[in-house]
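Written below as structure tokens is the structure these notes are about.
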Amino acid sequence: PILDAAKAVIDNNEERLTKKIDGLNKTLTSANEKLQQLQELPQVTAYATQHEEMAAIAKQVHSLIHEQNVQPNRIGIIYFKNEYGEKLTR
């Protein structure tokens, strides 16, 4: 489901080469067969500003780790621009 969600977002980009070159396919699939069977859907949330988004993500990750005892390596975040990930690590 997470790769399907990512693909849905990526497919909205009209500048993608897959929209310009017939037959080009960049479909993502999990190499681990066990992961292909996961049914847990990703959580998609929209925010008014980038600052609100970064603060909410940091708060949610903190809660997952410190209140719900989720291991950090079990948490995934997909963000619009690479710079968002850099800001989250600060």
Side-chain angles (χ1 to χ4, degrees):
I2 192 73
L3 293 178
D4 295 337
K7 183 178 183 319
V9 172
I10 292 167
D11 283 347
N12 283 325
N13 182 351
E14 293 299 322
E15 298 299 315
R16 298 280 300 168
L17 289 177
T18 55
K19 301 224 179 193
K20 297 179 179 189
I21 302 173
D22 287 335
L24 182 62
N25 182 346
K26 295 180 103 179
T27 301
L28 303 172
T29 58
S30 172
N32 186 330
E33 289 185 21
K34 291 180 183 177
L35 295 179
Q36 292 175 5
Q37 306 305 318
L38 290 178
Q39 295 301 313
E40 186 172 339
L41 297 176
Q43 178 182 344
V44 179
T45 308
Y47 298 92
T49 68
Q50 180 184 349
H51 178 70
E52 285 182 18
E53 181 177 8
M54 296 298 111
I57 291 171
K59 183 177 180 181
Q60 186 171 13
V61 169
H62 184 272
S63 173
L64 287 168
I65 294 170
H66 298 288
E67 296 169 17
Q68 300 175 41
N69 297 317
V70 174
Q71 293 297 312
N73 65 349
R74 303 294 300 163
I75 300 169
I77 302 168
I78 298 175
Y79 39 84
F80 178 65
K81 294 183 179 178
N82 193 42
E83 69 184 60
Y84 287 14
E86 294 170 7
K87 290 179 181 180
L88 279 171
T89 61
R90 293 185 194 149

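Sequential numbering from 1 along the given sequence is applied to the chain's residues.
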Margin query: Which residues pass the side-chain hydrogen bond (donor to acceptor under 3.5 Å, both in side chains) test with Lys59, not counting sequence neighbours?
Written below: none
Item checked: Gap separating the CD atom of Glu53 from the OH atom of Tyr47, nearest 0.5 angstrom -> 7.0 Å
Margin query: Taking CG in Asn73 as the centre, count heavy atoms belonging to other residues, nucleotides or ligands within less than 6.0 Å. Is the count above 12?
Written below: yes
Notebook entry, point to check: Are Val61 and Ile77 close enough, and set up right, to give a side chain to side chain contact (heavy atoms under 4.5 Å, CB included), and what steps lead you there?
Noted result: CA-CA 9 Å; Val61 169; Ile77 302 168; 3.8 Å; yes
Notebook entry, point to check: Who pairs with Leu64 by side-chain contact (heavy atoms from CB on, under 4.5 Å), at least two apart in sequence or on another chain?
Noted result: Gln60, Gln68, Val70, Ile75
Notebook entry, point to check: Is the number of heavy atoms from other residues, nucleotides or ligands under 6.0 Å of His66 NE2 greater than 12?
Noted result: yes
